[in-house]
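Notes for the one structure printed next.
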Amino acid sequence: MASLPIVQYEEMIIETVENNSIVVIIGETGSGKSTQLSQMLHRRRHSKIAVTQPRRVAAVSVARRVAQELGVQLGEEVGYAIRFEDRTSRNTRIKYLTDGVLLRESLADPELNDYSVIILDEAHERSLNTDILMGLMKRLVKLRPSNLKVLITSATLDGDKVSKFFGECPVLNIPGKLYPVEVLYSKECPVNYLDTALRTALDIHIRQPEGDILIFMTGQDDIEKLVSKLEDEVRALDEGSCMDAVIFPLHGSLPPELQVRVFNPPPPNCRRIIVATNIAETSLTVDGVVYVIDSGYVKQRQYNPSSRMYSLDVVQISKVQANQRAGRAGRTRPGKCYRLYPSQLYHDEFLDVTVPEIQRSSLAGSVLYLKSLDLPDIDILKFDFLDSPSSESLQDALKQLYLIDAIDENGAITSIGRKMAELPLEPSLSRTLMEANNYGCITEALTVAAMLSTETALLPGQSKTEKKRKRPLSNLPDGFGLGDHIQLLQIYERWYQTDYDIGWCKDHGLQVRGMTFARDVRKQLSQILQKIAKEPLDIKTNRKGEEFRRDYRNLRKALCVGYANQLAERKMHHNGYRTLGFRGQMVQVHPSSALSSDELGKFPDYVVYHELIATPRPFMRNLCSVEMKWVIPIINKLNTLNVYKLSGGGMDLVEEESGISDLPKKNVEVSAAADDNESRIQAARERFLARKANK
DNA sequence: GAGCACTGC
């Protein structure tokens with residue numbers, strides 16, 4: 001502990017914090033900022049210190065270490081709070097929490113008076129929640145100038161930019177404890193980056209001294225291909241010509257028991273080669289890595305507000321990401337990083353920083369959250385973000401909220417909206433719950449919302465045979481053909497009838513992690529609903545053994561209201577759909593859907609969908625059949641949509657005549673920046689695809 | 001007739 005670089009800076013840090021409300025601290029990996037800053041401030045103050053982390057595991061493990069260093073029991077002076085788990089007490093003085101939990105807390109107490117110090121750690125990751133918190137902190141220090149200190153800490157954040165955002169606050173640089181990493185570039189872009197990664201890895205294995213190799217690839221597919229090629233090639237090497245090698249894949253959909261294999265120490269005289277996604281960039285740290293091979297690409301989910309569609313694209317990484325990857329080689333001794341791209345590409349084309357999540361996500365939930373805070377004099381379109389989302393994205397969010405009654409025609413939050421904001425759900429689902437309560441089907445709607453909160457429950461597991469299996473799985477409920485929401489409900493009901501038997505999940509090819517997560521979410525949601533309801537709600541744990549009416553009418557009606565933004569109408573003579581309202585577009589039923597067609601092979605005339613995904617053809621994923629008479633009032637509302645009023649008149653917008661006309665692009669600066677990102681991403685993607693096709 | 005980066009309330 002004494003060797004942590006940050007310790008020598010204690011006096012300077014304390015003095016700066018005493019004299020300033022906000023301080024930015026740049027500390028590279030290994031500086032000790034996550035564990036030491038809170039302790040330093042704790043030694044000077046007695047009231048409560050909050051430290052946010054973007055990830056649950058980090059909040060838990062850092063809290064554990066600090067408790068150990070202070071020699072106290074975890075949950076007493078030092079504790080943590082993550083979703084479903086609060087290990088703090090009245091005595092807690094240092095509290096580690098995920099940034100999402102702090103946002104929830106600020107809903108109950110917008111001034112966060114419980115804390116005298118708030119530390120936003122890992123701010124460089126620019127998670128959606130961290131970005132919102134930064135905006136809120138800027139306001140909060142003005143409201144509480146005498147009794148609040150805010151520290152923004154980060155590994156590589158652009159200190160000047162953040163300092164400027166916070167009114168030229170001081171920036172302290174703390175050196176890290178990384179060993180030097182030599183960076184080697186390719187002369188040119190590889191024709192086939194999978195083969196190039198393979199050759200580079202073999203070359204290191206044969207020629208370089210011991211030390212593990214970490215290879216960054218984009219996804220499961222490429223990882224599996226590369227692992228199998230590496231296995232073949234390593235096996236073909238002459239025995240005794242070099243040391244042994246074991247090869248591990250590492251990605252998020254790998255079952256946990258296979259993920260942890262990379263933390264076991266390798267056998268003697270054996271090199272480990274780990275082929276990973278960006279999960280190894282921040283979430284998992286593998287010790288012993290000396291060589292990093294960086295493909296320069298990452299898979300990134302992005303939301304396009306003009307089509308309301310998500311896509312999962314392979315994009316070029318940013319300079320920050322490239323350096324983060326390189327740093328993985330220098331944790332235990334000096335290392336080397338092989339970049340499979342020329343240095344000129346890195347310097348000229350890579351973005352400096354990753355496009356922040358707030359510019360890549362649908363903002364309906366975040367905007368509703370901000371509205372519910374009742375910040376005075378706040379125009380949501382002018383909220384002070386470190387990097388603003390495009391105005392198009394904010395308007396999209398407002399329109400969505402209006403159509404589901406969360407805000408009124410003037411953009412003010414409604415009483416329904418206020419309740420919705422309390423629920424940790426996407427607005428479409430929280431609105432469904434509100435409506436389900438009126439229709440007497442809250443028990444079922446809760447289950448649907450919980451099941452949709454985990455996308456992984458139905459995903460096939462790892463084995464190849466399982467992978468080929470189709471949904472709906474033969475011996476699982478089929479949703480009566482009404483769609484995926486109903487199927488998810490029925491699956492959960494069946495699981496409940498087995499008393500949440502883990503074996504039952506495994507027998508039916510369901511992911512245990514996903515199912516237990518759904519159970520936890522359901523419990524949390526029903527607790528919140530009980531709390532915010534005026535009178536006690538009739539929520540049953542579930543209806544054991546009771547047969548439902550086979551058409552689930554009320555539940556589907558409730559879904560229709562919640563998903564007013566996500567309606568589609570089947571085209572006359574075929575099975576294609578057109579989305580209703582905002583810039584209607586042609587979409588297809590995702591082949592994995594449980595929705596079934598009638599005896600003539602036709603799908604239902606109207607459906608609601610959970611999301612649109614371009615892969616790259618546009619599909620609707622997770623569908624529910626609805627009826628035309630439920631849809632009509634929504635269409636009427638669509639036609640009276642007026643974005644000018646919704647945004648509080650604060651925007652210089654031309655009035656829209658109906659919900660389906662295009663919006664003029666305003667707020668040019670912001671849009672231009674976002675467009676620039678988009679076109680660069682697009683260009684990078686094309687290059688990538690071209691190279692991949694070139695095999 | 002398709003495809004699953006990573007987090008999180």
Side-chain angles (χ1 to χ4, degrees), chain A residues 52-59 81-86 97-108 122 125-133 216-224 250-254 259 276-284 295 297-302 310-315 317 321 354 357 360-361 365-366 368-369 420-427 429-430 449-450 453-462 466-471 511 514 517 520-521 524-525 527-528 575-576 588-593 595 597 611 613-621:
Chain A
T52 69
Q53 294 288 328
R55 276 173 296 281
R56 298 159 55 97
V57 275
I82 57 177
R83 190 179 191 180
F84 310 134
E85 197 184 352
D86 184 351
L97 67 177
T98 48
D99 40 24
V101 169
L102 188 63
L103 280 176
R104 287 284 140 196
E105 288 187 1
S106 97
L107 211 48
E122 313 291 357
E125 292 189 22
R126 302 297 306 277
S127 78
L128 180 56
N129 287 340
T130 308
D131 269 20
I132 292 172
L133 279 172
F216 283 101
M217 302 294 284
T218 57
Q220 184 175 345
D221 237 31
D222 287 349
I223 288 172
E224 281 171 6
L250 183 61
H251 52 84
S253 40
L254 212 58
Q259 277 188 17
T277 59
N278 53 331
I279 196 172
E281 222 174 83
T282 48
S283 305
L284 299 178
S295 64
Y297 291 105
V298 67
K299 245 182 224 177
Q300 214 172 54
R301 189 176 147 98
Q302 22 219 6
Y310 278 99
S311 58
L312 193 60
D313 302 322
V314 172
V315 302
I317 57 173
Q321 262 178 307
T354 312
E357 203 185 344
R360 295 187 276 118
S361 316
S366 302
L368 179 61
Y369 171 85
M420 285 166 58
E422 297 272 342
L423 292 161
L425 286 174
E426 295 153 61
L429 288 173
S430 51
S453 296
T454 162
E455 284 192 36
T456 55
L458 289 195
L459 284 182
Q462 260 328 95
E466 259 181 339
K467 238 183 155 176
K468 293 236 168 75
R469 194 162 53 191
K470 274 203 254 172
R471 249 179 81 201
Q511 292 215 1
F517 181 74
D520 290 339
V521 172
Q524 185 191 31
L525 293 176
Q527 283 167 350
I528 296 172
N575 270 339
Q588 300 282 329
V589 174
H590 198 277
S592 69
S593 178
L595 189 76
S597 45
E611 69 175 2
I613 177 112
T615 61
R617 286 204 293 149
F619 286 106
M620 301 179 283
R621 207 156 58 177

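Note on naming: letters A, B, ... go to the chains in the order of the sequence lines (proteins, then strands), and numbering restarts at 1 for each one. Because only heavy atoms are used, hydrogens play no part in the values below, and waters and symmetry mates are left out as well, while side chains stay in.
- The residue Arg83(A) sits close to a base: some heavy atom pair falls under 4.0 Å.
- Residue-level contact check: Val298(A) touches neither bases nor backbone, having no heavy atom under 4.0 Å from any strand.
- Base orientation for dC4(B): syn, the chi torsion being within 90° of 0.
- His251(A) has its NE2 atom 14 Å from the C1' atom of dG3(B), to the nearest Å.
- Minimum atom distance to the side chain of Lys299(A) is reached by dA5(B), of the listed dC6(B), dC9(B), dA5(B).
- Ser592(A) has no side-chain polar atom (N or O) that falls below the 4.0 Å cut-off from OP1 or OP2 of dG3(B).
- Between Leu425(A) and Ser453(A), some side-chain heavy-atom pair lies under the 4.5 Å cut-off.
- If you take CD of Glu125(A) and C1' of dG8(B), they are 12 Å apart, rounded to a whole angstrom.
- A 4.5 Å side-chain heavy-atom check between Asp313(A) and Gln300(A) finds every atom pair outside the cut-off.
- Rounded to whole Å, atom P of dC4(B) lies 16 Å from atom CD of Gln511(A).
- For the pair Thr277(A) and dC6(B), the criterion of a side-chain N or O lying under 4.0 Å from OP1 or OP2 is met.
- Contact annotation: Thr615(A) side-chain N/O to dG3(B) OP1/OP2 distance is under 4.0 Å.
- Under 4.0 angstrom from either OP1 or OP2 of dC9(B) there lies at least one side-chain N or O belonging to Arg56(A).
- Atom CG of Leu254(A) and atom C1' of dC4(B) are 13 Å apart (whole Å).
- Rounded to a whole Å, the CD1 atom of Ile82(A) is 8 Å from the P atom of dG8(B).
- Set against dC6(B), dG8(B), dC9(B), the side chain of Arg55(A) has dG8(B) as its closest nucleotide.
- Taking atom CZ of Phe84(A) as the reference point, atom P of dC9(B) lies 8 Å away to the nearest angstrom.
- In this structure, Val315(A) and Val298(A) have side chains that are in contact, with non-hydrogen atoms separated by less than 4.5 Å.
- Positionally, the nearest nucleotide of DNA chain B for Ser283(A) lies more toward the 5' end than for the other of Gly100(A) and Ser283(A).
- Under 3.5 Å, the side chains of Glu125(A) and Thr282(A) contain no donor-acceptor pair of N or O atoms.
- Rounded to whole angstrom, the span from the CZ atom of Phe619(A) across to the P atom of dG1(B) amounts to 10 Å.
- Two residues, Leu425(A) and Leu250(A), neighbour DNA chain B, and the one matched to the more 5' nucleotide by heavy-atom proximity is Leu250(A).
- Remark: Arg83(A) pairs with no residue by the salt bridge (Lys or Arg N to Asp or Glu O under 4.0 Å) rule, at least two apart or across chains.
- Across all strands, Leu103(A) comes closer than 4.0 Å to no nucleic acid atom at all (heavy-atom distances).
- Here dT7(B) presents its P atom at 15 Å from CD of Gln53(A), a figure rounded to the nearest Å.
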